[in-house]
Asks: 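I have a structure here, written as structure tokens, and I will follow up with some questions on it.
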Amino acid sequence: MNIKYLGHSAFEISTGSAKILIDPFLVMAQNYNCKGVSEIFVTHAHSDHLGNAVKISKETGAVVNAIFELANYCGKMGANANGIGLGSWQKRAWGKFIAVPAQHSSSIDGIYGGNPCGYVFEIEGKYIYHAGDTSLSQEMKTIGELYSPSVAMLPIGGVYTMDVEHSVIASKWLNAQTIIPMHYNTFPAISADTKLFEEKIREIGKNAEVMNIYQDFQI
Ligand code: NI
Ligand code: MN
């Protein structure tokens with residue numbers, strides 16, 4: 001499987017059989033070609049995560065998976081939407097996924113977006129965790145205990161989410177092997193020191209994968 005970084009908290013995961021997008025806010029990857037995307041996962045309703053989800057769904061027919069209230073909003077806007085709740089696995093031809101709690105908020109244009117979430121995917125026998133926007137949370141210990149993700153995408157920019165220090169603690173709690181930082185340096189308020197992040201992750205014996213836009217990471 002291949003994980004491609006599309007800036008901010010946006011990623012493409014491609015497997016042998018499918019191409020999925022997470023939080024497709026593509027201002028930093030405007031030349032990204034959405035052709036062939038079959039599913040989109042949105043962690044919460046804030047515009048820097050919902051991004052182009054509705055537009056891409058209309059263009060490609062891709063299903064937008066989101067928490068019930070946000071999926072209803074996307075459906076009203078013309079997307080092919082699938083409403084989900086926290087905490088139960090849904091199976092697909094490419095693997096399965098579960099929405100897990102995130103400590104944050106979720107609304108768009110004053111419309112309540114339901115609970116914010118993160119996602120755990122099981123693809124090709126490996127667990128991948130995308131935290132969405134969240135603070136450090138005890139939930140991460142549970143994810144670590146149950147899944148020990150091969151890869152965890154964690155916010156490090158602070159202000160609205162975890163910062164570098166808390167994301168390093170989260171990496172330990174998650175028992176993750178590789179940590180890809182996200183949600184930093186998109187705008188000045190969330191600037192983060194990626195060198196410090198890499199150093200601290202190395203100190204706890206894990207692999208930090210700081211990715212450039214469009215960069216691929218094979219697992
Ligand atoms: Ni947010
Ligand atoms: Mn955000």
Side-chain angles (χ1 to χ4, degrees), residues 3-13 20-30 32 40-57 64-74 77 79 81 83-86 97 99-121 128-140 143 151-171 174 179-194 197 210-213:
I3 297 173
K4 186 190 289 294
Y5 187 47
L6 299 173
H8 201 55
S9 297
F11 292 87
E12 176 208 84
I13 300 177
I20 67 179
L21 287 181
I22 309 167
D23 282 356
F25 174 66
L26 303 177
V27 291
M28 290 156 86
Q30 295 191 11
Y32 176 73
I40 301 165
F41 291 84
V42 182
T43 60
H44 63 292
H46 293 157
S47 56
D48 59 319
H49 298 261
L50 183 58
N52 290 346
V54 170
K55 183 169 174 268
I56 296 166
S57 176
V64 178
N65 297 283
I67 292 293
F68 182 76
E69 288 84 355
L70 177 54
N72 282 349
Y73 171 82
C74 292
M77 299 299 283
I84 57 177
L86 295 174
F97 71 91
V100 295
Q103 301 288 348
H104 192 61
S105 63
S106 180
S107 66
I108 185 160
D109 298 334
I111 298 163
Y112 174 59
N115 212 99
C117 72
Y119 290 99
V120 177
F121 300 90
I128 314 292
Y129 170 55
H130 185 294
D133 279 359
T134 185
S135 66
L136 182 63
S137 153
Q138 293 277 325
E139 296 286 346
M140 292 163 183
I143 294 167
V151 177
M153 294 96 146
L154 301 180
I156 68 163
V159 184
Y160 308 105
T161 67
M162 290 191 283
D163 56 12
V164 167
E165 188 189 340
H166 280 186
S167 68
V168 172
I169 297 167
S171 305
L174 288 161
I179 299 92
I180 301 175
M182 63 179 186
H183 212 271
Y184 66 95
N185 293 356
T186 317
F187 39 89
I190 57 168
S191 54
D193 183 345
T194 53
F197 174 77
V210 176
M211 296 178 78
N212 296 316
I213 313 293

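As the structure is a prediction and not an experimental result, all values here were calculated from the model. First listed ligand is number 1; within each ligand, the first listed atom is number 1.
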Asks: Regarding D23 and H8, is there a side-chain donor-to-acceptor distance under 3.5 Å anywhere?
Replies: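 No, no side-chain donor-acceptor contact under 3.5 Å.
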Asks: If you look at H49, which of its N/O/S atoms is nearest to the Mn ion (ligand 2)?
Replies: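 Going by distance to the Mn ion (ligand 2), the closest N, O or S atom in H49 is NE2.
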Asks: Do any of the N/O/S atoms of H8, backbone or side chain, fall under 2.8 Å from the Mn ion (ligand 2)?
Replies: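 No, since none of the N, O or S atoms of H8 sits under 2.8 Å from the Mn ion (ligand 2).
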Asks: Checking only N/O/S atoms, does H49 have one that is under 2.8 Å from the Ni ion (ligand 1)?
Replies: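 So H49 does not count as coordinating the Ni ion (ligand 1).
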Asks: With no hydrogens and no angle check, just 3.5 Å: does a side-chain donor-acceptor pair link D133 and H44?
Replies: yes
Asks: Is the shortest heavy-atom distance from the side chain of V54 to the side chain of V64 under 4.5 Å?
Replies: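 Of all side-chain heavy-atom pairs linking V64 with V54, none is under 4.5 Å.
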Asks: Kindly report the OD2-the Mn ion (ligand 2)-OD2 angle for D48 and D133 respectively, rounded to 10°.
Replies: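 About 170°, to the nearest ten degrees.
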Asks: Return yes when at least one N/O/S atom of D48 is nearer than 2.8 Å to the Ni ion (ligand 1), and no when none is.
Replies: no
Asks: If you check every N/O/S atom of H46, which is the one nearest the Ni ion (ligand 1)?
Replies: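 For H46, the N, O or S atom at the smallest distance from the Ni ion (ligand 1) is ND1.
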Asks: Does a side-chain heavy-atom distance below 4.5 Å link H130 with S9?
Replies: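 Yes. Closest side-chain heavy atoms under 4.5 Å.
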Asks: Name of the D133 N, O or S atom nearest the Ni ion (ligand 1)?
Replies: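 Looking only at N, O and S atoms of D133, the one nearest the Ni ion (ligand 1) is named OD2.
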Asks: Which residue in the set I13, I56, N52 passes side chain to side chain contact (heavy atoms under 4.5 Å, CB included) when paired with L21?
Replies: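 When I13, I56, N52 are each tested with L21, the side chain to side chain contact (heavy atoms under 4.5 Å, CB included) holds only for I56.
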